[in-house]
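Down below is the structure, laid out as structure tokens.
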Amino acid sequence: MCTTTPRDDTAEQPPSLSEVLAVWTERTPDPHAADEVVAAWFDLKVELLAPITSNPDHPEHDRARHFAAKAVQSANALRDRENER
């Protein structure tokens, strides 16, 4: 008699870090985009990473948190630069 629960392959699996970064990279703004557009792109990165950063059991959790923190810093720096103009 089997006492283990079978894995539910129909359950949605969280994305991998490489999948998230691929989607984010596909949405790269124009090189001449305004700072606010690029800042919003970094915000998108944080949003896309949320399924990983909010799950401490995800194998790439720590690395995703690092990427998200850097994205927040970049977005804030771009907004600060825009506000100084």
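None of these values were measured; they are calculated from a predicted model.
- A distance of 6.5 Å separates OG of S18 from CD of E60, quoted to the nearest 0.5 Å.
- Atom CD of residue Q73 and atom NZ of residue K70 lie 4.5 Å apart, to the nearest 0.5 angstrom.
- Residue R79 qualifies as enclosed at atom CZ: its count of foreign heavy atoms under 6.0 Å is above 12.
- The closest donor-acceptor contact from the side chain of H58 to the backbone of I52 lies at 3.5 Å or more, if one exists at all.
- Residues A39 and A75 come closest through the heavy atom pair O-CB, 3.7 Å.
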So L17 and R63, side chain to side chain contact (heavy atoms under 4.5 Å, CB included) or not? Walk me through it. CA-CA 8 Å; L17 186 55; R63 211 163 153 219; 4.0 Å; yes
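- Atom CH2 of W24 sits about 8.5 Å away from atom CG of L44, to the nearest 0.5 Å.
- With respect to V20, the side chain to side chain contact (heavy atoms under 4.5 Å, CB included) criterion is satisfied by exactly one of T53, L49, T25: L49.
- Here the straight-line distance linking atom CG of D80 with atom CG of D35 works out to 10.5 Å at 0.5 Å rounding.
- In terms of heavy atoms, A50 sits closest to S54 at O-OG, 2.6 Å.
- Linking Ile, Leu, Val, Met, Phe, Trp and Tyr residues whenever their side-chain heavy atoms come within less than 4.5 Å places F42 and V23 in a single cluster.
- Separating the CZ atom in R81 from the CG atom in N76 is a distance of 13.5 Å, to the nearest 0.5 Å.
- Considering CH2 of W41 and CZ of R27, their distance stands at 12.0 Å, rounded to 0.5 Å.
- The minimum heavy-atom distance linking V46 with A68 is given by the pair CG2-O, 3.7 Å.
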